[in-house]
Structures are given as structure tokens and as C-alpha cells.
Amino acid sequence: MSESTRLSPQSSVLSPQSSLLGPRLRIAPSPTGDPHVGTAYVALFDLAFARRHAGQFVLRIEDTDRARFVEESERLIFDSLRWLGLEWDEGPDVGGPFGPYRQSERISLYQEHAEHLLGSGHAYRCWCSPQRLARVRKEMEARKEPPKYDRLCLGRSEAERRALGEASDRPVVRMRVPDEGLTAFDDLIRGRIEFENRLIDDQVLLKSDGFPTYHLAVVVDDHAMRITHVTRGEEWISSTPKHVLLYQWFGWDLPAYAHFPLLRNENRSKVSKRKNPWATLRWFRDNGYLPEALLNFLALLGWSMPDGREVFGFSDVVEHFSFERVSLTGPIFDLNKLDWLNGHYIRQLSLADLQQRLGPFLERAGLPVANADPPLTKILPLVQERLKRLAEAPDLVRFFYQPRGEYESALLLSKGLDVATTKDLLGAAIERLRAAKRFDAEQLEAALRALAAEREVKTGQLFMALRVACTYSTISPPLFETMAVLGRERVLQRLEDAESRL
RNA sequence: GCCCCCAUCGUCUAGAGGACCAGGACGCCGCCCUUUCAAGGCGGAGAUCAGGGGUUCGAAUCCCCUUGGGGGCACCA
């Protein structure tokens, strides 16, 4: 078996499978904590494209950086992506024919490939210390030259190199980039992109701890896992020529590339977990965004439906996605529009669904969920169309369960009414409500409108006083329905309480 | 500093030479509905298509330059 076939699992490991005929895409997050929205953004289109063309979507964990590794993140990644509804066909937890799907479990594969490049002269060992590298880089920059490694170690034996000083004990393996020529690739979204080889750095492929860098690992894995379309953020464009070179040296076919625009924050820089609290998927979940709304919104960033529809689901993306319709500019993440979309989806929810989704938020706020009195099925219809985010629900619902509220008694005084009049009105209202035959919205409205008319006050004046008394706020769901849900006893109690505050 | 990518209303976008003195959505403003807040309906303001050169009978659409923005330049991904 020749060296190159040994390195090319494609020819031996698997027998042809019909399921492998379609495209294969992957999302490859690093386990550095809560996954970034950008990860979901790209994954959404990956999955859509894979589904559209009957291919596969793969999840691979790129855990080659032990320093940045965060213990729980793998679970966080699984949870967040699944919450959004993005399911993978192959991955560390579900397995698949090209595993393992964690790079830390494939170290020897990368080492073999580095060895291969060393043998073919496309790579060399480097003993330069980090200090020296930093110094060299600085010097080059001062000379206004592209900052690159100066190749001090190229062509030298370990002994020769050590004699020169500033060497560390364990070498790295660097790729040996050609001095001349051009390396180019065709991006599905941007077209042809070219780089001059002389400007490309001799990238480290294998670190001194034996782990690969991203550059070696992606290429080896994408090939080994038969990835046909490499999708990722625009930030990777400038390292792509290095990857292209590796494919060439290994004698492998190049995958298609698609670099998505970078999601940006309001200052136009890329969204980062450091600067933007909403950069993680977890944030959206915790703040009560519906996964279908987030997904819809993400699909609207940098992509649009051919027919211009703005409200659509994942199946519509599957049906219509194409790389050609992805725009080139990095969209600013507009939470405002997301809120609108989220509110739209919330209004669409069935009562039962809404109640279920609200459960965790109400519980967290210490509000009753099961056996609540008044029951949520009565309350939720009143707040549903007022919600933009599920997390707002507790504040809208709380007053139903608070026998006594905190509010300025002055709020009870509607414009143009003095204390005595208001007190009198409240007293009269109490009487009417006590006498009301049925305590439903219709009856209440009739009775109270009549009262306002008799006392010659504007309905709004009376109603606002009652609203504050019953809901402890000048802003509330419709008054009579609210009163009906509260029930006679609670309403009378609150009105009496209000009366006594004046 | 060097390299790369990008450029249509505040924001997301439609637009792939004539159908555009540029369409939609969010936001904003006004009116209607109305007991508050929402939701909903109707209407409005908002882009000399970054600027300048070309190409063409004709350019938001093609080319070049300038400017602006972004990204990359680690033994991080």
C-alpha cells in the first residue's frame, strides 16, 4: 500500500453507501463554553442544504486546544443546538461511520499526516521559542513586511538549530509554503479568491504538545469525514489558502468552500461572547425567545426567501436555500426585529403550548404553575398578545397572585378627580360588584359603565382607578376580563384595600 | 503595517443593464379601534443606490480608483 493511499481512508475504509451520495456538511464548534449564535447561524444553513440535497449533517467537536477547554461545553453545545431544532446525523453522541467525532480522540491521525508531510518535504520541524517568534514578527512588522516566520529552522538539524540559541525543547511542525505562485479557491458565496504564496506564513500544523492546530485538523478531518462543503464564518477566508495547499500536498480533492458573512453587533464588529451578552444561544433561551423565532430570524440575516416572505420555518429554508442567495455583507444583529418576530410566534402558540413553554419562567419567578388559582388557562389568553419574550410573563401575571400590591396611592386618582370623589366611586363600585348577579366581563362592564354615567365621570376615570386597585398598575390586560378572572372575592378585597389607602 | 472581504432607507433586505425619480420588513411618526397597555387596520417620513471616473443608446446593477466598514496576520479556534 502506497503512502498516499494509506493516508486516504476514502479508498478503503468504507464500502460505497447510497446515503453518501448527497453532500456532507459539518459544524465544528470548539468546546469553550456556551455555543456562539454564529455557530447556530452557519449550522442552520448547513443542515438546510444537507436536507435539501439528501445529504448528511455532521457535528464534530474541535477540542485541540487544551488551554481553552471548558468541561461542560460539549453538553451545552448539544443542548443548545437541539433546542434550536438542529439535529445532526453523525456526531460524538450519536456516532456514525467516520468517528470518532472528537478531535482529541484522533490525535494519531493528525500525527501520521504531519509525518507524511515531513517526509514529502512539505513540512519541517521548528524549535524556535515563542519569545523569538514574537520578536521576529515584531521586527518584520516594523519593516512593513507581512509578518511571517523567518524560517530559521528550515533545513537545519536539531543540533544545528540548537547551536543558534533561543530554542525550546520540543519542536513544532510547520508547513513549508511555496515562495512563489498563487493559491486560490472558489467560494460559493464570494467567487474566486486569490492569495500570493509569498505572503502566506509557514503555519504551525502540529504543536509542541503533539496536538494539531486547527489548520491541520480541519483538513484531515474534513477529508476523512468526506465533507463536501466546508462552511464557516468569513473570518476563515485568509487561512483557507493554507488549507488548499494541504489538500494539494495530500493529493486530495478540494471541497467546496462557503464563507458566511460575520454576524455583527451595533458597532459593526463581530459579535463576541465577551462584548455581547446575547452572543450565546443560552441567552436567547433564558430570555424567552422561541427557537422557531430565532431560527427564522437567523435565516433572515444574510439570506432571503425568493418570494420575499419574512416569516417562515425551517422547512421553507430547506426548500429554498441556495448559497447564491446569501449576501456578502455582515448583518447587524437587530434584537428589535427579533423581538417583533418572537412576539409574532408567541401569538401564534396554542394556549396549551404557551402554558407549557412558560412553565420554567413562571417557576423561576416563584409563581404557581400547577393548580394555580386563578388558573393559567384563564390568565394566559389575557397576556399572550402582550408578550414579546416569554421571560416577560412573570411581570405581567404576578398581580393575579398577589393579594396586596405595592403602588402609590396617588395612582388611584385619575386626572380631574380628587380624593373624596375617588373614594366615593370606589365605594359605589364595591356595592355594585357585590350586587352583580354574574361576575363575568360583560356584566361587570355594563354595571360599571352605568356607574360612571350616574356619577357623571368619564368611563376612563373610573376604570383607571379600578385598574390600579385590582392590578396595582396603570398598565394591565383588559379590565373587566381581568376582574372576571380574579373573581368577586379578590376584586372586592382589592377595591376595599384601595379605598382604605385614600 | 501587510493581506483579504464588503458597501441599497436607522436596521434586515429585494434588486443579477432598460419593468426602479428603487420594493418589502423591523423600528419611528400620525390616524382609526379602544377603559390602560398591547394586538390589529390605514397612512406617512426615511436611500441623490458611499464618492469619483469609465463602459453602454441606457447602470443600483459591469470595470477602475478613492473613501468607509469589517476580518485575518498565535504552538486559539
Side-chain angles (χ1 to χ4, degrees), chain A residues 28-32 62-65 67-68 126 128-130 133-134 137 140-148 168 170-174 187 189-190 193-196 199-201 203-209 211-215 217-218 232-241 259 261-262 264 266-270 297 300-311 324 327-341 343-344 347 382-388 396 414 445 448-449 452 458-464 466-468 471 473-480:
Chain A
S30 292
T32 56
E62 308 226 320
D63 54 348
T64 54
D65 183 3
R68 293 206 307 161
C126 171
C128 288
S129 65
L133 295 175
R137 203 159 276 126
M140 309 205 73
E141 215 166 307
R143 265 180 280 136
K144 302 190 175 183
E145 285 169 30
K148 291 168 53 181
S168 45
R170 303 172 128 271
V172 298
V173 174
R174 285 181 183 278
D187 191 279
I189 296 173
R190 285 152 220 280
I193 301 175
E194 294 183 340
F195 291 84
E196 286 186 71
L199 301 173
I200 301 171
D201 196 10
Q203 183 60 238
V204 170
L205 298 176
L206 212 58
K207 307 182 231 178
S208 55
D209 63 3
F211 274 61
T213 57
Y214 170 82
H215 308 282
V218 250
R232 64 223 321 190
E234 195 185 349
E235 56 196 338
W236 291 106
I237 290 180
S238 44
S239 11
T240 305
H259 289 91
L262 248 27
R264 320 225 209 148
E266 42 294 331
N267 4 293
R268 302 183 179 281
S269 51
K270 64 172 182 176
F297 179 68
L300 241 23
L301 296 178
W303 188 74
S304 58
M305 287 280 271
D307 64 5
R309 258 184 302 157
E310 304 226 350
V311 179
E324 297 76 57
S327 68
L328 303 320
T329 24
I332 291 173
F333 202 98
D334 183 8
L335 284 173
N336 218 18
K337 186 158 183 176
L338 207 213
D339 277 348
W340 164 75
L341 203 51
H344 176 86
R347 273 170 249 132
L382 302 183
V383 304
Q384 184 165 23
E385 69 181 19
R386 273 156 257 267
L387 284 174
K388 282 217 263 284
L396 293 182
S414 300
E445 178 160 8
L448 294 168
R449 276 192 190 282
K458 289 184 180 162
T459 51
Q461 292 177 309
L462 202 217
F463 296 168
M464 186 50 89
L466 297 174
R467 179 189 315 285
V468 171
T471 72
S473 167
T474 54
I475 297 172
S476 81
L479 181 59
F480 310 112

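Chain A is the first sequence line, chain B the second, and so forth, proteins listed ahead of strands; every chain is numbered from 1.
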With sequence neighbours left out, what residues match [X] under side-chain contact (heavy atoms from CB on, under 4.5 Å)?
X        : value
A:Ser304 : A:Arg325
A:Ser327 : A:Thr329
A:Asp187 : A:Phe185, A:Ile189, A:Arg190, A:Ile193, A:Tyr257, A:His259
A:Pro171 : A:Arg125, A:Trp127

What does A:Phe211 touch in the nucleic acid at a heavy-atom separation under 4.0 angstrom: a base, only the sugar-phosphate, or nothing?
-> nothing
Which part of the nucleic acid, if any, lies within contact of A:Pro477, taking any heavy atom under 4.0 Å across all strands shown: a base, the sugar-phosphate backbone alone, or nothing?
->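 Base contact - A:Pro477 has a heavy atom under 4.0 Å of at least one base atom.
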Using the ring pair (Phe, Tyr, Trp, His ring centres under 6.0 Å) criterion, which residues pair with [X]? Sequence neighbours excluded.
X        : answer
A:Trp236 : A:Tyr214
A:Phe333 : A:Trp278, A:Phe284, A:Phe297
A:Phe195 : none
A:Phe463 : A:Phe480

Does B:rU61 have a Watson-Crick or wobble mate here (both distances under 3.5 Å), and if so which one?
-> none
Under-3.5 Å N/O pairs linking protein and nucleotides 66-70 of chain B:
| unit_1 | atom_1 | unit_2 | atom_2 | d |
| --- | --- | --- | --- | --- |
| B:rG69 | O2' | A:Arg264 | NH1 | 3.4 |
| B:rG70 | O4' | A:Arg264 | NH1 | 3.3 |

Every protein N/O lying under 3.5 Å from an N/O of nucleotides 39-46 of chain B:
| unit_1 | atom_1 | unit_2 | atom_2 | d |
| --- | --- | --- | --- | --- |
| B:rA39 | O3' | A:Arg347 | NH1 | 3.4 |

Salt bridge (Lys or Arg N to Asp or Glu O under 4.0 Å) partners of A:Asp65, counting only residues at least two apart = A:Arg68
Considering only nitrogen or oxygen atoms on both sides, find all protein atoms under 3.5 Å from nucleotides 13-16 of chain B and state each distance.
| unit_1 | atom_1 | unit_2 | atom_2 | d |
| --- | --- | --- | --- | --- |
| B:rU13 | OP1 | A:Gly302 | N | 2.4 |
| B:rA14 | OP1 | A:Ser304 | OG | 3.3 |
| B:rG15 | OP1 | A:Arg325 | NH1 | 3.3 |

